[in-house]
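On a predicted model such as this, the values are computed, not experimentally measured, just so you know. Side chains included, hydrogens not; waters and symmetry mates left out as well; all remaining heavy atoms used. Count residues from 1 along the sequence.
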Amino acid sequence: MARCGDAVSLTLNGTKFAIPKDTEPVVIDGGLKITETQEYGDGTGDSYMSYVLPKITGLRVKVPASLEDAWQNACSTPDIPIILETISRTYELTGSIIGGEAEISTTRNMTNEFEVHCTDGTGIRKS
């Protein structure tokens, strides 16, 4: 896992959304990882590997009234282009928004926390 630092914006399917200053996205590169072990009574164990999907967690964005339709569209469309811009790096992937209901605070126009998962098998590109 690699921490992103200060997040600036999240572009979903071509629409740029501002990210609140206190948001801490986490980039998970994915790939083959040990995801489970089987322990035995003699003190030994076996490790089991699985493919972990690349993803970015801990995201929140501001959704002003002018972008509500774009937000709803991004939440219901699979395999969209996604770009997370931070002060030090940019992360690009093709994926989907995961997080259940697309909730937006009525007082601050902020979403609840969500994550994006890479769905095309190419991983997260960093620049």
Side-chain angles (χ1 to χ4, degrees):
M1 285 188 292
R3 294 242 176 231
C4 301
D6 289 339
V8 177
S9 66
L10 185 69
T11 302
L12 302 167
N13 208 17
T15 303
K16 187 180 274 194
F17 296 89
I19 295 179
K21 185 96 171 123
D22 62 342
T23 301
E24 288 191 43
V26 177
V27 174
I28 300 168
D29 290 325
L32 258 158
K33 308 284 182 191
I34 297 172
T35 56
E36 183 180 346
T37 59
Q38 174 63 57
E39 298 175 5
Y40 301 103
D42 64 358
T44 63
D46 291 327
S47 297
Y48 294 95
M49 297 186 79
S50 296
Y51 185 79
V52 175
L53 205 59
K55 58 187 161 189
I56 303 173
T57 64
L59 293 167
R60 292 184 313 137
V61 296
K62 180 179 180 180
V63 183
S66 61
L67 297 180
E68 282 181 10
D69 288 342
W71 169 252
Q72 294 299 334
N73 185 33
C75 288
S76 61
T77 305
D79 306 323
I80 61 172
I82 299 169
I83 301 168
L84 171 62
E85 182 185 348
T86 71
I87 288 176
S88 61
R89 252 182 158 168
T90 300
Y91 301 86
E92 297 182 48
L93 64 135
T94 299
S96 300
I97 297 173
I98 308 297
E101 295 295 319
E103 299 171 357
I104 301 171
S105 162
T106 58
T107 56
R108 294 190 178 172
N109 292 333
M110 298 288 176
T111 65
N112 57 319
E113 194 170 289
F114 64 94
E115 52 191 59
V116 294
H117 291 192
C118 181
T119 57
D120 69 352
T122 61
I124 298 173
R125 297 166 297 286
K126 302 171 187 176
S127 57

Specify the closest pair of heavy atoms between T111 and W71, including all atoms of both residues, with the distance to one decimal.
CG2-CZ2, 3.5 Å
Inter-residue atom distance S50.OG - I34.CD1, 0.5 Å rounding
10.5 Å
Heavy-atom side-chain proximity of P54 to L93 below 4.5 angstrom
no
Contact summary for S127 and E92, nearest pair of heavy atoms
OG-OE2, 4.3 Å
Any residue meeting side chain to side chain contact (heavy atoms under 4.5 Å, CB included) with T44, in chain and number order, not counting sequence neighbours
Y40, D42
Tell me, do Y91 and V116 make a side-chain contact under 4.5 Å, heavy atoms counted?
no
P64 and K62 have their tightest heavy-atom pair at CD-O, 3.5 Å
Answer whether the closest heavy-atom distance between the side chains of T94 and T122 falls below 4.5 Å.
no
May I ask you to test the K16-V8 pair for a side-chain heavy-atom distance under 4.5 Å?
no
Between the side chains of T119 and D79, is a donor N or O closer than 3.5 angstrom to an acceptor N or O?
yes
Using 0.5 Å steps for rounding, measure from the CD1 atom of I80 to the CG atom of N13.
5.0 Å
The side chain to side chain contact (heavy atoms under 4.5 Å, CB included) partners of P20 (sequence neighbours excluded) come to D22, T23, R60, M110
At their closest point, which heavy atom of I104 faces which heavy atom of Q72, and how far apart are they?
CD1-NE2, 4.4 Å
So do P25 and T57 actually touch side chain to side chain, heavy atoms under 4.5 Å?
no
Quick one: pull up CD1 in I87 and CG in D6 and give me the separation to the nearest 0.5 Å.
4.0 Å
Looking only at non-hydrogen atoms, find the nearest pair between F17 and V61 and report the distance.
CB-CB, 3.7 Å
Approximate separation, where rounding is to 0.5 Å, of H117 NE2 and I97 CD1:
11.0 Å
Please say which of T77, L59, L84, I82 ends up in a side-chain contact (heavy atoms from CB on, under 4.5 Å) with L12.
I82
Look only at the side chain of T37 and the backbone of E39, and say whether a donor-acceptor pair between them is shorter than 3.5 Å.
no
Do K126 and D29 touch side chain to side chain, with heavy atoms closer than 4.5 Å?
yes
